[in-house]
2 protein chains.
Amino acid sequence: MTTVQREHQQGHLRTSAGLASELRPSVMRLARRLRQVRDERDELNPNQLSVLAVLVNHGDLPIGELAALEKVQPPSMTRIVNGLEERGLVARQPDATDRRSSRVHLCDSGRQIVLANRRRRDQWLAIRLAELDAAEREVLRLCIPILEKVNHA
Amino acid sequence: MTTVQREHQQGHLRTSAGLASELRPSVMRLARRLRQVRDERDELNPNQLSVLAVLVNHGDLPIGELAALEKVQPPSMTRIVNGLEERGLVARQPDATDRRSSRVHLCDSGRQIVLANRRRRDQWLAIRLAELDAAEREVLRLCIPILEKVNHA
DNA sequence: TATTGTTATACTCTATAACTATA
DNA sequence: TATAGTTATAGAGTATAACAATA
């Protein structure tokens, strides 16, 4: 690497470091406030809601994969899924090829809870975005694909 | 409100709603990944780390106010603070004017843990920002004050 | 009498270990 | 013999209730 290239690289990193330390708290604070927006009537704990969201995003999954994705042990996931099943939000479906296993199927009532919470958060955010001017919203619109690029890096 | 004004308003809301539903997942996903970046050596649970961060942001506070900010009951905060005090990360300081109360003082070792975690997250993000081009970083730079406006709305 | 914080106790949630059923 | 999942049990962590000290 040449001196010019190294200085260019260092300049990049310096710029990125400064940007990161300003962007991080703004993003985390907004996410924290969005996370607080949820329906308190559905008496589900954060783990149960998170499992429902995973099923919406990934489709039906066996207990073991759910446990791995949620970073809990299988016995804990058994308990979480039991709670969701008792409420009729998911249903265990026997695996056709392996009778030890069963897939956790997301029922429509479970899906509706996730979608309703997302709508609630979107509405909360939309109200605040409506207070901005068009140019500010345009900047936010531009940053979405960039954030996605960062997310998938 | 005139028909034109109503349509203008609805147009605004429609625009903001669409933007919100795209921006929300991007922001929440990035925040989730940032939250996962932490030092596993410090054997503190999320609540303990959160209390340290509150003390960094708000300064020393009495147990009751900490409990209210963290949305836990006072006995739970007593327990959390006991754990932090045993590790020398905070210290109870008697209140000069009210001898029932004491302020939870953030020790330097406690502050360093919070700052170290922030540095870690900033570095993680900076590496990903460095992979963007200058124009993309400029967009993100522009969006910071807008996000702050949303956060303070 | 009201308030701040702690102690006592019960409940919830999670993990580890042991077990069942199937591969 | 190995694997998916459940049951049994113990360990954190939180909440409610009762209490102590002070205002």
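Residue numbers start from 1 in every chain, and the chains themselves are labelled A, B, ... in the order their sequence lines are given, proteins ahead of strands.
- B:Arg119 has its side chain within reach of B:Leu115: a pair of non-hydrogen atoms, C-beta onward, lies under 4.5 Å apart.
- A cation-pi arrangement is found for B:Arg128 relative to B:Trp124, the charged atom lying closer than 6.0 Å to the ring centre and inside a 45° cone about the ring normal.
- In terms of heavy-atom proximity, A:Ser102 sits nearest to A:Pro94 at CB-CA, 4.1 Å.
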Might you work through the side-chain contact (heavy atoms from CB on, under 4.5 Å) test for B:Leu140 and A:Leu147, ending with a clear yes or no? CA-CA 8 Å; B:Leu140 293 182; A:Leu147 290 178; 4.1 Å; yes
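- Summarising the geometry, the separation between CD on B:Gln93 and P on C:dG5 is reported as 14 Å, rounded to the nearest angstrom.
- Residue A:Arg32 holds its CZ atom at 9.0 Å from CG of B:Asn151, rounded to the nearest 0.5 Å.
- When the side-chain nitrogen and oxygen atoms of A:Thr78 are compared with OP1 and OP2 of D:dT6, one or more of them lie within a distance under 4.0 Å.
- Looking at residues two or more places apart in sequence or on another chain, you find a salt bridge (charged side-chain N to carboxylate O under 4.0 Å, His left out) between B:Arg92 and B:Glu85.
- Residue A:Ser16 comes nearest to B:Arg137 through the heavy atom pair OG-CD, 3.6 Å, listed as atom of the first residue, atom of the second, then distance.
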For nucleotides 15-23 of chain C, read 5' to 3', which letter fits each nucleotide if B means a protein heavy atom sits under 4.0 Å from the base, S means only the sugar-phosphate is that close, and - means neither? BBB---BBS
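- Using a cutoff of 4.0 Å between basic side-chain nitrogens and carboxylate oxygens, B:Asp95 and B:Arg103 are not scored as salt-bridged.
- Side-chain contact of B:Ser26 with A:Glu148: a donor-acceptor pair under 3.5 Å is present, judged by distance alone.
- B:Leu52 belongs to a hydrophobic cluster whose other members, connected by ILVMFWY side-chain contacts under 4.5 Å either directly or through intermediates, are B:Leu44, B:Leu49, B:Val51, B:Val54, B:Leu55, B:Val56, B:Leu61, B:Ile63, B:Leu66, B:Leu69, B:Val72, B:Met77, B:Ile80, B:Val81, B:Leu84, B:Leu89, B:Val90, B:Val104, B:Leu106, B:Ile113, B:Val114.
- The environment of B:Arg38 atom CZ is sparse: at most 12 non-hydrogen atoms of other residues, nucleotides or ligands sit within 6.0 angstrom.
- Closest approach of B:Ala126 and A:Ala17 over heavy atoms only: CB-CA, 3.7 Å.
- Residues from residues 80-87 of chain B lying near DNA chain C, meaning a heavy-atom separation below 4.0 Å, are absent.
- Across B:Ser50 and B:Glu70, no two heavy atoms sit closer than the pair OG-OE2, 2.7 Å.
- Heavy atoms of B:Arg92 sit under 4.0 angstrom from primed sugar atoms or phosphate atoms, though from no base atom.
- Taking every heavy atom of residues 56-69 of chain B and every atom of DNA chain C, pairs under 4.0 Å involve B:Pro62, B:Ile63, B:Gly64, by number.
- For B:Gln48 and D:dA12, the CD to C1' distance is 11 Å, given to the nearest whole Å.
- Interface residues of residues 31-39 of chain B facing DNA chain D, ordered by number: none; criterion, heavy-atom separation under 4.0 Å.
- Taking 4.0 angstrom as the limit, B:Asn45 places a side-chain polar atom (N or O) nearer than this to OP1 or OP2 of D:dG13.
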